[in-house]
Amino acid sequence: MRILVLSLFLIAFLGIVKGQENFIKPGEVWKDIDGKPINAHGAGIMEHKGTYYLYGEIKEGNTWLVPDQGWECYRVPAGGVSCYSSKDLLNWKYEGVALAATTNDPTSDIDTGKVIERPKVVYNKSTGKFVMWMHIDSKDYSYARSGVAVSDSPNGPFVYINSIRPNGNMARDMTLFQDDDGKVYHFYSSEENSTMHMSLLTDDYLSHTKTEKRILINQSRESPAVFKYNKKYYVITSGTTGWSPNPASYAVADSVLGEWTNLGNPCIGNDADKTFHSQSTYVLPLKNNKNSFVYLGDRWNKLDLKDSRIVWLPLEMKDGKPEINWKASWIPITGK
Ligand code: DGJ
């Protein structure tokens, strides 16, 4: 009996030491299993062989306002991309810097003086490579390109290849969507953020095909997060108000390359008009229940960007409509 009590005490103690998380608490500091705040913003998740990998922007250092921009162009040095792993979406192990930024090289796309945002990773079964796409920009956001990097393992290191304007188009906020047939589509805010574009990647996921479609035309949407439900495709986006929150909205299509119809705000209740003080970045399906997803968002602190918080909330499908309600704390049931 004494041994049992001691063992339970030890397990509980190790849980505290190891920073065991029992709930997701949106907007609070979320610590990894070593007790350090998770530094992964504009994040995405890739599941590989039963493990979730979280990739996000590393935001460190002082926030400053780029002068003479006429908008809230707050910045921190581009810190590269972090990677964390988890089996339960609650307890995250820091895997290190997946893509390192360079320093003192203004010619490099991934220099600390540039912008590296919204990294997303997909696994290519045919090539065995992990492919990361991200928004690459200059400090005034006029470069407007997409960068690509590749790795042999999910936690990196990723080797940066180059950046492009997909099919010649400006590209800022972005995400990747991998369909059940393995095809990957790159969604990005284009045309000075007035219109979203979506482009099919080549089979190796390293470049763009000419299959390209303009969606949400002149609707000024950014921060796309795409998911599939009952054979339909959904994209959640935000408006374009810099780092400040605004109402999200979702659009639906019968096929990725089909017609996308905007159907309004998926958020419900107090602060729904501010997306619960967050901006979308990813939507992850939960395996236990085909109606359940996790909405991943960022609560930006524009005056101190490194203190931006993670806002993950349950997204439930009801009669084909996504609904996001505020939850101060909750547990995602990952299932098998
Ligand atoms: C909104 C975007 O969604 C963010 O990723 C970031 O680029 C900010 N704008 C910059 O103001």
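Computed from a predicted structure; not experimentally measured. Both ligands and their constituent atoms are indexed starting at 1 by order of listing.
The pair Glu117-Arg172 does not meet the salt-bridge criterion, since no charged nitrogen lies less than 4.0 angstrom from a carboxylate oxygen. A salt bridge links Asp180 to Lys228: one of the charged nitrogens lies within less than 4.0 Å of a carboxylate oxygen. Contact check on Arg145 versus Asp137 returns no salt bridge, with no Lys/Arg side-chain nitrogen under 4.0 Å from an Asp/Glu carboxylate oxygen.
The residues lining ligand 1, counting any heavy atom closer than 4.0 Å, are Trp71, Glu117, Arg118, Tyr141, Asp173, Glu222, Gly242, Trp243, Gln279.
A donor-acceptor pair under 3.5 Å links the side-chain atoms of Trp133 to the main chain of Tyr205, judged by distance alone.
Across all their heavy atoms, Val311 and Ser278 have their closest contact at CB-CB, 3.8 Å.
Classification of the His135-Tyr141 ring pair by plane angle, with boundaries at 30° and 60°, yields tilted.
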